[in-house]
Every structure is written in structure tokens, then in C-alpha cells.
Amino acid sequence: MSQAPTREPVYLKDYRPPAFLTPEIELDFVLEPEATLVTSRQTFRRNPKGEGRELVLFGENQDLLALTLNGAPLPPERWRKESDRIVLLDPPDEFTLEVRSRIDPAANTALMGLYISNGVFCTQCEPEGFRRITYFQDRPDVMARYRVRIEADRSACPVLLSNGNPIDRGDLPGGRHWALWEDPFPKPSYLFALVAGDLACLEDEFTTRSGRKVQLRLYSEAANIGQCHHALASLKKAMKWDEDRYGLEYDLDLFQIVAVNDFNFGAMENKGLNIFNTSATLARADTSTDFDFMNVERVIAHEYFHNWTGDRVTCRDWFQLTLKEGLTVFRDQQFSADMHSPGVKRIGDVVFIRDVQFAEDAGPLAHPIRPDRYIEINNFYTATVYQKGAEVIRMLHTLLGEETYRKGIDLYFQRHDGQAVTCEDFVQAMADASGRDLGQFMRWYSQAGTPELEVRRRFDPDRQALTLEIAQRTPPTPGQEEKLPFHIPIRMGLIGRDGTPRRLQLEGENEPKGTERVLELTEPAQRFTFIGLEGGEPVPSLLRGFSAPVKLDAGYSDDELAHLMAHDTDDFVRWDAGQRLASNVLLALVGDHAAGRAPSTLDRRLIDAFAKSLDRAGEDPAFAARMLSLPSSSYLGQQMQVIDVEGIRFALDLARRELGRSLHGAWLAAYRANTDEGPFSIDTAAIARRSLKNLALAYLAYARDEEGQALVRTQYARADNMTDCLSALRLITETGMPESEAALASFYEKWEKEPLVVNKWFSLQAMIEDEAAPERVEHLMAHPAFTWSNPNRVRALLGSFAMMNLVGFHRRDGAGYRLLTDKVLELDRRNPQVAARLLSALGRWRRFDEHRQSLMRAELERVVATPGLSRDSYEIASKSLA
Ligand code: TRP
Ligand code: ZN
């Protein structure tokens, strides 16, 4: 049943409390793949804070079979039906409504609502999927207690799950059975979940710090259950961590996780019944990379942490999405930092913010972490709402300090447990706990764009004083021409010429206070003068730990960058100094290339810096691997007026090759020193060594000599884990080694029964940056293993191509753009959410040369003109063109 989607935006300012409260809902499911009967019985009570007489119940993609109010059919004059809702015109102040409808899970290709993944019934209700299950006031500020009865065929669905506690179960004639679940915690409809299927189960137990025993159950298809142990171990770590760091305990006797193949996102925090993408659940050394292992741990923790930040305290409306997502991402970042290396974790998070979020902030889809309008809320599960949202929470943590931040969190839960609240409520708790005025800080919630900081320095040798003048400016974003100054914490220190940290005394202070502090920038420009600086002009170490999501220009000389790389105490600043140095060198190469000069040698400064990092690599291999990685093409592109596709490619190729050649001996030594004999281990130190080893191998391969290629070959043949295997395979294909085709074929043959590994195989080929990429991707779409029904597979091929293959996707003749658009339009009819996300790859068209601009724009225009286009894709394409 398709209906013309409305394209009218929804506005934050139009928020009104719901007309009715729904304290209770009983749901009854009679599951059949093509015709599932859903009966819902809801109690309603007029909301004293509500306005208007009407009650709106949203419902989509279902056949309404019966509607009764207090047991009697509703006469036609008391209600009306529209395409996506029913409206009760003047219902009584208290009543019970029963709705019966029929849905078709087997035909649900959008994967929103109740659908079937590999024979398993499962649900995805966030943000507005519940309305595809029954008619309901489907909005997060309506919180109900759920009682759910599920009936299904016993052999097809031996396992029947929903939120909360199992109450009862029984058999029925005809090979059917049923189960009854009850969730004692009132929750918004987006947290409802149901799973029914033939699933294997891994069981464990966790004892909370107050001594309660919690049953842990992790379900997956039987074939995958052996790959679930890491997820279960991660869950227990997360439960313990949340008690230790946040004082938060789990609140039910049972916690369940189900892994499914087909899922639009990573995972979902449904109360007591998280549903996960297998890609964020399964992990085994031979099939999963170190990245996968870390990712499973992170996502398991993220969804578990939502139990408090999201479920117990939820969002008033979807504009507040960052209230739960920004905070929960910040919490999962803290968790991963505590489990592994904080410095390396932080650098990884910064890379993502810069590569993805900064790019989003600089394009037509820029929005504040709390948008004030949307056409389709599904389009706002973005890097801005999630990752920049986490940066905003991190800034509060930096401004308040750990202890006061914790007081603020405690106060937030004390005030709002069981409520649906706003971002203001959160910041108010922080303000009240700290006694600080966070009024200006709130601008982070309403203004989009990445602030640019410019630092001017003046050293007065007579006064032994260093003045930093820091100015902020935020470029315009769509709909926001003028920006007001932000409240920006700048964590900093001063590094003396001798390499030691200076003590910090600001003008007007009686004595120095430590060697690190947080400056607070609130004005368009501000001056900070440090005095008592014996020993000459120090180098300022600014934005330590990336204390704010900003771009910083401190006018460092190459010598100063080298000084920070060598001597700073902050991992982020050391790494960032290296990235700046590398960017300078690479951007100069791009300039040379554009001017028709094509140098064949690499600036000595970069080689020397790498040599020094390699010398110290043994101190911290994971950090060294970061220091020795070049800035991404996305980050380089952002620093250019016009993104020079060929120039970036030329510069990165040259730098990799020359670094590989000139430091050959050191790479070889690093490769050997970090190769572990003995059994595979997934601990942090082993991961660190593998990361450096495989980076060294890459540079050896980029040098394109016999020795390097022989090492790659050997590693590919002997690898006992997916990290090593995939690193080698990537180098074989990327550098065009003669066995490329054969290696890809043997890899596929070995792994064709493991869907997550097959995704890696598709993705790797989509990312090879050559001219043939569009044809290769098109060809792979005809491969028998390619399917539209699995979002992971679609993303592995099309997503990798559009987002991670600069040269291939942006091929001058526009074949990449055409291919993406053709396929997105095809996908849009099945799964608009995934289609729209892929489409955003065309959004940055204004940043390219005129030729590419017109090609990209033409494709976007073709999208907008397509009849029957989803609201999701319409919003992305039309905003990209605006
Ligand atoms: N709340 C989920 C998370 O971040 C996000 C999510 C899962 C989601 N599935 C979705 C968002 C489907 C939109 C649509 O943890
Ligand atoms: Zn989340």
C-alpha cells in the first residue's frame, strides 16, 4: 500500500504536548509471514497539559480491520481516516480503544516496523516504525506500559521474545504456541521490540553491585552462535563500567540481545531486548578484523548504555535526538578509552569528526546537533547529531570537570527518571549542579557549522610574557547566515624550547597554576597573556585532547610542529602536529600538480618526521600507527577551495611511495618487531602491534619492490586472522600485484558462506581507486551474491564506492555519479532510509570543479524529478540542490 508522501517540514517550534496519555497498551500478535494479525488495546486518559479535542493515531502500511471504543464500534461521524492516520474527533476523557489490523511482514523491505530477516520476525520502531505495526500516538513523549502476547508456528518460531519479563507461555493446537511478555517500565513506542524465530542462544549471568542477578541472553541463528562470545563478554564489561563510572545499574532481571542479518543501522536499544545487526555482533579471529572486534565492543556498550540515557530518560520529541545519542556516544567513547588506550581512541574519534562531520557541516545538509525542522527524521541520524553531539557533552565535561559533571548527571536522573525531556533539561541539570551559567553554551545546540579559531601570538622577551589572541568565526550554513560566538573550552599548555612543560600563570594571577588549563573563549576575540616565562618563547600546545569541535589555525612553523610532535605531553596535539606537517607537504604537492609541475621527490621534512616517529614506535605501537598515517583525502579536500581529485591522488601516491622507499629499512624493522609468533590474541597490545605491522607492510608494498611484495604475498598465504589476511589482500589489489584476480577469487571461494566476510570482499573491490571502478562496481552488482535486500551488502558495495573511492566515484565522465543515481533510485522503492543515506554522497557537489559540479547537479535533478520518490531521498536531493 503506497501513498504519496507528504513533503511538508515538521518544526520544533510547533511542538505541543499530546492530547491524551496512554498509560497501558496490550498487544496481541498472530504471526504469519504474509498476514500477521495485530490487535492492540490501549487505555487513554485526557492529558491535563494537552490541547485540542482530537486524538491523532498514526498508522501506515496496514489494513485496518476493526476499531472499537469501550467495546463498541466507532460510528463514522466520531472519527475520520487519512492516508497515514486516524483522527478521533471528540473522544471521552477516559476510554479503551481496540484496533485490529493486518500487516505483511514478508513484504516489508524498508525494514521499519515488523519485518522478516532470514526467516526471523523482528522489529525496528525507532523513530517512527511502530505506526507500521498498529495505530498509535507514535511519538516519544507518549509512554505506556506494554503487555505483549505473541502467537506463532512452533517449529518456524520456537523462540518468541518481547521487552521486559516473560510472564507465561503455552501450546496451541495446530503446531502453534504463544508467549506473554510484560515490561514494567513505561516506555515510548520506539523502544518496543518483538522477535520470533528459530534462534540459538548463548546464556550468561551478571550480578549487579547491589547483588541482583541478571540473566543475559544473546540470540542468533545457530550457525552464528559460535561468533557471539566476544559480544557477550563485551556486554558484561559495559554493565560493570556503567556501575563504576556512572553509578548506573541494570534494572530488569533479564537482558536480551538478538542479532539479525538485515538491519538498517548498527543496532537498536529496545528496552531489555536490543536488536543488533550481525555486523555489530559477530566476531571471530578468522572472520573479523581487529576493527570489527573493537566495533562490536563499542556498539554493545552503546546500546546497553542507552538503558539509562535514552530508555529511562527519553526524548520529548525527535528534535531532541542528540539528548540520547550525543550523550550515549560520549559514554561509549569514555568506555572504549578506559578499556583500551585513551589517546589512540581519541585520535580515532577526531579523525571521524574531521573526515565526516566537518564535511557535513560544510555542505548543504549542515544542521545543528538539534535541528529545528525536518522533512524525514530518518535523515537526521547523522554524524552531527551523534558525533558532534558527543563533542558537546565532552565540552561540558571539560568545562565542569569529572566530579561536577557526575553531579550534573546524577541530578539529571534524579529529576527526569521516567520522563521524556529536552536538551534544555539536560543542560539545566549541568548548570544547577555546577552553579555555572550555560546560557551561551546552549548555542552549540542551535547553531550549525564548524567554528574557525585563529590564534595570534606575541612574545615579549622583556616581560617574559606570551599573549595569545584567539578569534572565533563560524561560516554561514543553510538558513543561518550570521552566527553568534560560541562558548569554547580550549585545553592547553606551553612547551618550553627545552621541551619541558611551562607552568601557567595568567596576567593578574599571583602564582602559576599547573602546566595545563582550560581557557574559555566566549567573545569573538579574546586575549590571554601568560607571564613569568623564563627560558624564552614557548610553543603553545592548544586544543589538547581536541577539547572542542573546531578548526584551529595557530600559525605554527614547521619547526614548531616538529617540537610539538617530539615533546608535547598530549597525544592528540602530537598527532595533530604531524597531520599539519603532512597536510602542508601534501597540499604543496597538489599545488605543484595543478601547476603542471609533477615533482618526483618528497619534501625531506615529512620523511624526517616519519623517521623520528618510527624511531619511537616501540614506545606505543598503536599511537605510532596513527602518527605514521597520512591525512585522508576527505580531510585534504576540505582544505582546498576546489577539491582537486587528481591532485589529491597524485600527492598521496607520491608520498606513500617515497615514504616506503626512503624508510625501507625502518619499515622492515617495524614489520618484524611487531609480528607476533604464537597464538592469536585480541588484547589491546596485540591489536596495537598488528596495526603498526600492517601499516609498515603497506608502506613496503607502496614502494613496489620485490621484497615488499614478497612479504605481502607471504602474509596473505599464512595469515591466521582476518586483520592480517585482509590487509594483505587489500595491498595486493590496491598496488595491482599480478595475483590480484586469483587472490580475490580464492578469498571468495573460501568465505562465500560467511556473509560478513563476503561484504569485506565487495567493499574492498569497490574501494580500489582506479578508473575502472564504476564498471567494476556495476559488474559486481550482477554477482550472484549481491542482493538489494541486505543493507550491509548494499553499503559494502555502493556505500564504499560512493563514500570511500575518490578517484572512482568522481571519474571525470560522470560514470560514478550516474551509477550511484541509477542504483539509489532502484533502492529507493525498497528501502528509502538506506537509499537516502547513499544519496548524500552527491551532496558536496559545489566543492568540485565546474565540470563535475554540473554532472553531479544533473543527477540530483534527475532524483528530484523522479515520480514516487520517497520523502527521505527527496529531502536529501532537494536540500543538496538548494
Ligand atoms: N538508536 C539507534 C542507536 O543509535 C539507532 C537506530 C537503530 C536507528 N536502528 C535505526 C535509527 C533505524 C534510525 C532507523 O543506537
Ligand atoms: Zn544510539
Side-chain angles (χ1 to χ4, degrees), residues 108-115 117 122-133 138 140 163 187-195 231 235 238 242 257-281 295-315 318-336 352 369 371 374 376-390 393 791-792 794-795 831-838 840 870-872 875-876:
N108 183 350
T109 56
L111 313 190
M112 279 296 198
L114 178 66
Y115 65 96
S117 171
C122 63
T123 54
Q124 172 55 39
C125 293
E126 181 178 7
E128 297 180 334
F130 193 71
R131 63 188 63 182
R132 290 162 173 254
I133 292 174
D138 188 14
N163 318 82
K187 64 170 173 286
S189 50
Y190 82 87
L191 291 173
F192 166 77
L194 174 154
V195 172
L235 173 63
D242 216 12
I257 296 176
V258 180
V260 298
N261 283 288
D262 308 306
F263 201 71
N264 281 350
F265 239 70
M268 179 62 211
E269 70 265 25
N270 317 301
K271 182 77 186 184
L273 177 54
N274 290 356
I275 299 182
F276 269 62
N277 193 320
T278 45
S279 72
T281 320
N295 192 51
V296 166
E297 182 185 80
R298 176 182 72 79
V299 180
I300 289 272
H302 178 97
E303 307 309 333
Y304 173 74
F305 296 156
H306 268 313
N307 188 57
W308 280 93
T309 50
D311 297 5
R312 287 287 289 252
V313 182
T314 196
C315 301
W318 290 119
F319 295 102
Q320 318 296 328
L321 182 57
T322 199
L323 172 80
K324 72 177 177 79
E325 294 304 346
L327 177 55
T328 304
V329 171
F330 176 61
R331 276 151 53 65
D332 83 52
Q333 290 177 351
Q334 288 182 303
F335 167 76
S336 298
F352 185 85
I369 64 167
Y374 58 76
E376 172 52 63
I377 184 57
N378 271 314
N379 286 329
F380 286 82
Y381 288 74
T382 59
T384 298
V385 168
Y386 275 62
Q387 276 76 21
K388 187 177 180 180
I393 305 297
N792 292 349
V794 174
R795 283 186 287 248
N831 189 329
Q833 198 187 351
V834 174
R837 205 158 270 268
L838 293 171
S840 61
S870 71
R871 198 159 50 172
D872 311 57
E875 179 171 39
I876 299 293

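In each ligand, atom 1 is the first atom listed, and ligand 1 is the first ligand listed.
- The proximity of T328 to ligand 1, defined as any non-hydrogen pair under 4.0 Å, does not occur for either the backbone or the side chain.
- Aromatic ring centroids of Y190 and W318 lie under 6.0 Å apart.
- The option from F263, Y386, Y381 that lies nearest to atom 4 (O) of ligand 1, judged by heavy atoms, is Y386.
- Here the protein heavy atom with the shortest distance to atom 13 (C) of ligand 1 is Q833 NE2, 3.3 Å.
- Looking at H302 and the Zn ion (ligand 2) together, the shortest N, O or S contact belongs to NE2.
- No donor-acceptor contact under 3.5 angstrom links the side chains of N270 and N163, judged on distance only.
- Contact annotation: for K324 versus ligand 1, heavy atoms closer than 4.0 Å belong to the side chain alone.
- Within the structure, ligand 1 lacks N264 among the residues with a heavy atom less than 4.0 angstrom away.
- Atom-to-atom distance recorded for E376:CD and R871:CZ is 4.5 Å, nearest 0.5 angstrom.
- Between Y386 and F265, the ring planes are tilted. Angles from 30° to 60° get that label.
- Looking at heavy atoms from C-beta onward, F263 lies in side-chain contact with Y115 at the 4.5 angstrom threshold.
- With contacts defined as side-chain heavy-atom distances shorter than 4.5 Å, the pair L191/C125 does not qualify.
- In terms of protein heavy-atom proximity, atom 6 (C) of ligand 1 is nearest to F265 CD2, 3.4 Å.
- Looking only at its N/O/S atoms, E325 has OE1 as the one nearest to the Zn ion (ligand 2).
- Between E126 and ligand 1, an N or O atom pair is found at a separation short of 3.5 Å.
- Two rings, from F380 and F319, have their centers 6.0 Å or more apart.
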